[in-house]
Amino acid sequence: MKRFGLSKNERIKKKKEISRVFNTGKRIYTNSRKLKAIFCFGEDDSGIIKIVPAVHKKAGNAVWRNRMKRLLRESYRLNKEILIDVIEEKTLLLMISPNSINKKKQPKLLLSDVQDEVIELLNKIKNQILTERDKTGS
RNA sequence: GUCACAAGUUGGGCAGUUGCUACUCCUAAGUUCGCUUUUAGAGUAGAGGAAAGUCCGAACUCCAAAGAACAGAGUGCCGGGUAACCCCCGGGGGUUAUAGGUGUAAACCUAUAAUUACGGAAAGUGCAACAGAAAAUAUACUUUCUCGCCACGGCGGGAUAAAGGUGAAAUGGCAGGGUAAGAGCCUACCGCUUUGUUAGUAAUAACAGAGGUCCGUUUAGGAGUCCCGAUUUAUCGGGAUCAGUGUAAACCCCACUUGGAGCAAGGUCAUGUAAAGGACUCUUUGUAUAGUUAUAUACAAAGCAAAGUUGUUCGCUUUGAUGGUUCUGGGUAGAUCGCUUGAUUCUGAUAGUAAUAUCAGAACUAGAUAAAUAAUUGCCAUCCCGCUUGCGGGAUACAAAAUUCGGCUUACAGACUUGUAACAUCA
RNA sequence: CGGAACGUGGCGCAGUCCGGUAGCGUACACGACUGGGGGUCGUGUGGUCGCGGGUUCAAAUCCCGCCGUUCCGA
C-alpha cells in the first residue's frame with residue numbers, strides 16, 4: 001500500500017458493503033457539525049481501510065457535490081496514516097459525508113477547511129477504536 | 001474614441017510535484033500453459049457550449065411478423081433543405097410602431113423596424129358576464145317625418161333605421177345627390193365577393209370585367225341582369241345577384257403524419273426465476289385399429305378456452321397432459337459485449353440568395369459504472385480594492401459526460417470580430 | 001435514464017374539465033352572552049391564484065416556456 005495513494009481496493013465498491021456501513025456502523029460528528037463519518041469493521045480480515053465519500057443530493061448542484069467528494073477523498077488520502085497502525089489485520093469500512101454544510105452556506109470549498117475537519121474525524125475514530133479494544137481486552 | 005443594441009467566435013495560458021481512470025509497453029509472482037490475478041514502473045489520452053432542462057426528431061435494440069379499421073395523439077400560408085422533425089432557410093400575407101407623401105377628415109400609399117401556432121366561422125353545435133331598446137332569428141328606447149282626433153298638450157295609425165346613448169363587438173366606410181324625413185335608394189372613391197388575363201414552381205400580386213335591381217306577407221317563390229356548360233340557335237341546366245359579429249390555444253370539419261417500449265433496450269457467460277408442496281387445465285364430428293358392447297388409442301377437421309399482439313375490434317401466432325398456467329415457498333453475485341470510426345471533426349474548392357449539398361486532402365478526439373478527469377506551488381493574463389505608483393490583498397461566469405447523433409429552450413463573467421444608432425473630437 | 005402528479009389568505013383544501021362573483025374550514029382582530037375563563041354567536045382583516053409570455057373583449061381556468069415540491073419504475 002502506497003503511503004499517499006488511493007487505489008481501487010481502498011474504496012468501497014459494492015452495494016452490500018454500503019448497506020452494512022449504513023445499518024451497523026457508528027456515527028461520529030465533528031465539533032462544528034459540518035462533517036459526519038460512519039464506520040464499522042468488515043467481515044473478512046485484509047488489513048485495508050475502505051472508504052467512500054457520500055454527498056446528499058440536496059446539498060448542491062452536480063459541480064458542488066463533485067468537488068466536495070474530491071476534497072474529502074483528497075483529505076483522507078493525505079492523512080490516512082493516522083488510522084493505518086490502529087486497524088491491525090481487520091478491514092475498516094468508512095463513509096464520510098457532509099452534514100450541515102451545503103452550497104448555500106458555503107459556495108466556495110477549499111482544501112484547507114475540509115482537511116482540518118477530516119483530521120479531527122480520523123483522530124476521534126482512532127480514539128474510539130482504541131478504547132473499545134481496551135474494554136474487550138480487559 | 002466612448003457608450004448602447006444585434007449577430008458571430010471564444011469560454012484563461014505555461015511549467016513543476018503528488019494522486020485517479022483507460023489503453024499500450026514492461027517487471028515479478030501464480031497457472032489447468034488458453035491465460036488469469038497481483039506488484040513495481042514508463043509512455044499517451046482524459047468534460048461542455050450549453051455536457052443542463054428532457055421539449056421534439058432520428059439511429060440502434062426487443063416485442064413471431066409489423067397487418068387493417070376505428071378511437072386517441074400530433075402537425076397546419078407557400079416553396080426548398082434534411083436521415084428525420086413541433087427544426088432550419090427563403091418567399092408571401094396579417095398585425096404593430098416610426099418617418100415621408102396624398103387627403104377637410106376618415107383613411108390610403110411608400111419606406112424602415114419589430115412581430116406573427118398563419119387551413120376552415122358560407123357543414124353543424126356551443127359560448128358572448130355587466131351595461132344596453134336590441135348580442136346573432138335581429139330589433140325599435142330616445143329621436144326624425146307624416147296623417148287623424150281633441151280639452152293644444154298629448155293620444156292613436158303609418159314611414160324610417162340616418163343621429164343619440166351602452167358595450168370588447170350594433171349587420172361595410174366616407175362624400176355628394178336624393179327625400180316629407182331617411183336609407184346602397186342612386187353615384188364617385190375605398191373595401192368585400194367572384195370571373196378572366198398576366199407574372200410566379202406555389203402562397204400570392206397586378207390589371208381588366210361583373211355584382212348593391214324589381215314584384216311578393218320583404219318568407220316561399222317569380223321576373224330581370226351577368227357568368228359557365230350543353231345543344232335542336234332559342235331553348236334547357238347550373239351558379240352569382242354586397243357581406244352570414246367574434247371565438248376553432250371551445251367542440252368540431254378538412255388535409256397530412258402516427259404500432260409499443262426503451263441501453264435499467266437487448267445478447268453471451270455465471271447463478272437458486274431452484275428444490276418441495278397446493279390448485280386449475282377441452283368439446284364435437286369423421287376415419288382407421290383393438291374390442292361382443294361400453295369404450296380406448298391414433299390421425300384429421302371444426303369449434304372452444306388460455307396466453308401474446310401494451311386503447312378497442314378484426315386478423316394473426318402459440319399452447320391444450322413426461323407439458324402449461326398460477327399460488328405458497330425460498331434470495332443471490334455479478335461479469336462481459338452493446339461502448340464509441342461516426343448522418344464524425346478540420347481545411348480548401350465548387351453549386352446555391354440561403355439553409356445545405358458534392359468533391360478533394362488530412363485527423364482519430366473521454367468511455368467511467370457507489371461512477372476517473374483532482375490537489376497544490378510558481379510565473380503571466382483580465383477585473384476589483386487599498387495605498388507606499390509598483391507593490392500588497394482578493395476575485396476569474398454558467399455549469400460537469402453516462403448508448404449515440406440533429407435541433408429547440410433555458411443559464412452565462414470576461415475577451416475578440418463585424419454591423420447599426422447616438423455623442424465628442426479632428427480633417 | 002424513463003414516467004406521473006401538484007403549486008390558490010398564516011395553515012389545510014374547493015373552484016380549473018365546460019373562461020366573466022376568488023370561496024370553505026381553521027387561525028387572527030373586534031363585539032355580544034358570562035362575575036372571569038372556556039365555549040357559542042355575530043362582524044371584520046388577510047390572496048402578485050408559483051414565475052414569464054401568448055390566444056381572447058375578458059385567463060386561477062385555454063396554449064407555450066421556465067421555477068419549485070413530491071411520488072413511481074431495476
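Per chain, numbering begins at 1; letters A, B, ... match sequence-line order.
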Visitor: Is any side-chain heavy atom of A/Pro98 closer than 4.5 Å to a side-chain heavy atom of A/Leu72?
Guide: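 The answer is yes, as the side chains (C-beta and beyond) meet within the 4.5 Å cut-off.
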
Visitor: Does the structure show a Watson-Crick or G-U wobble partner for B/C127, both distances under 3.5 Å? Name it, or say none.
Guide: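 Pair assignment: B/C127 / B/G246.
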
Visitor: Measuring only the P atom in each nucleotide, how far is C/G12 from C/U70? A whole number of Å is fine.
Guide: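 Nearest-Å result for C/G12 against C/U70 at atom P: 14 Å.
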
Visitor: Under the side-chain contact (heavy atoms from CB on, under 4.5 Å) criterion, do A/Leu111 and A/Glu74 qualify, and how do the steps go?
Guide: CA-CA 8 Å; A/Leu111 181 69; A/Glu74 183 75 9; 4.0 Å; yes

Visitor: Counting Watson-Crick and G-U wobble pairs only, both distances under 3.5 Å, name the nucleotide matched with B/C155, or none.
Guide: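 Result: B/G148.
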
Visitor: A/Arg67 has a side chain; which of B/U18, B/A401, B/A374 sits nearest to it?
Guide: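 Of all the options, the side chain of A/Arg67 is nearest to B/A374.
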
Visitor: If C/G38 has a Watson-Crick or G-U wobble mate with both distances under 3.5 Å, name it; if not, just say none.
Guide: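 Across all strands, not a single nucleotide pairs with C/G38.
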
Visitor: Have a look at B/G334 and give me syn or anti from its glycosidic angle (syn if within 90° of zero).
Guide: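 B/G334: anti.
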
Visitor: Considering Watson-Crick and G-U wobble pairs with both distances under 3.5 Å, what does B/G165 pair with?
Guide: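 Base partner found: none.
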
Visitor: Across all strands, who's sitting opposite B/G57 as a Watson-Crick or G-U wobble pair, both distances under 3.5 Å?
Guide: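 Per the H-bond distance test, B/C405.
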
Visitor: Which is more 5' along RNA chain B, the nucleotide nearest A/Trp64 or the one nearest A/Lys69? Just name the residue.
Guide: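 Here A/Lys69 is the residue nearer the 5' end.
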
Visitor: As a test of the definition: with a 90° window around 0 for syn, would you call B/U340 syn or anti?
Guide: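 Because its glycosidic torsion lies within 90° of 0, B/U340 adopts the syn conformation.
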
Visitor: Quick one: classify the glycosidic conformation of B/G49 as syn or anti, with syn meaning within 90° of 0.
Guide: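 B/G49: syn.
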
Visitor: Send over the distance from A/Ile38 CD1 to B/A370 C1', rounded to a whole Å.
Guide: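 Interatomic distance, CD1 of A/Ile38 to C1' of B/A370: 14 Å.
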
Visitor: Atom CG of A/Leu93 and atom P of B/A370: how far apart are they, to the nearest Å?
Guide: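 It is 16 Å, rounded to the nearest whole Å.
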
Visitor: Does any N or O donor sit under 3.5 Å from an N or O acceptor when you compare the side chain of A/Asn66 with the base of B/A400?
Guide: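 When only heavy-atom distances are counted, A/Asn66 does reach the base of B/A400 through a donor-acceptor pair under 3.5 Å.
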
Visitor: Let's test this: given Watson-Crick or G-U wobble pairing with both distances under 3.5 Å, identify the partner of B/G49.
Guide: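 Pairing partner, where one exists within any strand: none, as none qualifies.
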
Visitor: Between A/Lys80 and A/Ile49, is any pair of side-chain heavy atoms under 4.5 Å apart?
Guide: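 Side-chain contact under 4.5 Å: no.
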
Visitor: Taking CZ from A/Arg77 and P from B/A374, how many angstroms apart are they, rounded to a whole number?
Guide: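 Taking CZ of A/Arg77 and P of B/A374, I get 14 Å after rounding.
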
Visitor: Please report the distance separating the P of B/A114 from the corresponding atom of B/C89, rounded so that it comes out in whole Å.
Guide: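 That atom pair is separated by 14 Å.
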
Visitor: Given that A/Val63 and A/Pro53 both sit by RNA chain B, which one's nearest nucleotide is further toward the 5' end?
Guide: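 That would be A/Pro53.
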
Visitor: In this structure, how many angstroms lie between the P atom of B/U18 and the CG atom of A/Asn79, rounded?
Guide: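 In whole Å, B/U18 P and A/Asn79 CG are 18 Å from each other.
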
Visitor: Does OP1 or OP2 of B/A375 have a side-chain N or O of A/Arg73 closer than 4.0 Å?
Guide: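 Result: no.
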
Visitor: A/Leu78 has an atom CG; how far is it from atom C1' of B/A375, in whole Å?
Guide: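 A/Leu78 atom CG is separated from B/A375 atom C1' by 8 Å.
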
Visitor: Given the P atoms of B/G124 and B/U245, what is the spacing between them in whole Å?
Guide: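 Nearest-Å result for B/G124 against B/U245 at atom P: 13 Å.
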
Visitor: When rounded to the nearest Å, what value does the distance between C1' atoms of B/A135 and B/C130 take?
Guide: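 Their C1' atoms lie roughly 13 Å apart.
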
Visitor: Does the pair A/Asn31 and A/Lys124 meet the rule for a side-chain contact (heavy atoms from CB on, under 4.5 Å), with working shown?
Guide: CA-CA 11 Å; A/Asn31 290 330; A/Lys124 280 191 173 186; 3.3 Å; yes

Visitor: Considering only the C1' atoms, how many Å lie between B/U116 and B/C77, rounded to the nearest integer?
Guide: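 That atom pair is separated by 12 Å.
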
Visitor: How close do A/Leu121 and A/Tyr29 get, heavy atom to heavy atom, and via which atoms?
Guide: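 Here A/Leu121 and A/Tyr29 meet closest at CD2-C, 4.3 Å.
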
Visitor: Rounded to whole angstrom units, what separation is found between the CD atom of A/Glu74 and the P atom of B/A374?
Guide: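 Going from A/Glu74 (CD) to B/A374 (P), I get 11 Å.
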
Visitor: Now, which nucleotide makes the Watson-Crick or G-U wobble pair with B/U356, with each of the two distances under 3.5 Å?
Guide: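 B/A351 - that is the nucleotide pairing with B/U356, both distances being under 3.5 Å.
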
Visitor: What is the minimum heavy-atom distance between A/Asn99 and A/Lys36, and which atoms define it?
Guide: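 For A/Asn99 versus A/Lys36, the nearest heavy atoms are OD1-CD, 4.1 Å.
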
Visitor: Quantified in whole Å, what is the P atom distance between nucleotide B/A113 and nucleotide B/C190?
Guide: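 After rounding to an integer number of Å, I get 30 Å for this pair.
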
Visitor: Counting only side-chain heavy atoms from C-beta out, which of B/U373, B/A399, B/G19 sits nearest to A/Arg70?
Guide: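 For A/Arg70, the side-chain atoms sit closest to B/U373.
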
Visitor: Would you call B/U365 syn or anti, using the 90° rule around 0?
Guide: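 Judged by the O4'-C1' to base torsion, B/U365 sits in syn, the angle falling within 90° of 0.
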
Visitor: For atom P, what is the distance between B/A363 and B/C88, given to the nearest Å?
Guide: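 B/A363 and B/C88 have their P atoms separated by 37 Å.
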
Visitor: Distance check, P atoms only: B/U403 and B/G338, in whole angstrom units.
Guide: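 15 Å, rounded to whole Å.
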
Visitor: Does any nucleotide pair with B/G414 by Watson-Crick or G-U wobble geometry, both distances under 3.5 Å, and what is it?
Guide: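 B/U10 is the nucleotide pairing with B/G414.
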
Visitor: Over how many whole Å does the gap from A/Asp113 atom CG to B/U376 atom C1' extend?
Guide: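 Going from CG in A/Asp113 over to C1' in B/U376 covers 15 Å.
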
Visitor: If I take atom CG in residue A/Leu71 and atom P in nucleotide B/A372, what distance separates them, rounded to the nearest angstrom?
Guide: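 It is 13 Å, rounded to the nearest whole Å.
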
Visitor: Quick one: classify the glycosidic conformation of B/A47 as syn or anti, with syn meaning within 90° of 0.
Guide: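 Judged by the O4'-C1' to base torsion, B/A47 sits in syn, the angle falling within 90° of 0.
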
Visitor: Quick check: do A/Met68 and A/Leu35 have side-chain heavy atoms less than 4.5 Å from each other?
Guide: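 A side-chain contact exists here, since the closest heavy-atom pair is under 4.5 Å.
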
Visitor: Indicate the atoms forming the closest heavy-atom contact of A/Ala37 with A/Leu94, along with that distance.
Guide: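 Closest approach of A/Ala37 to A/Leu94: CB-CD1, 4.3 Å.
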
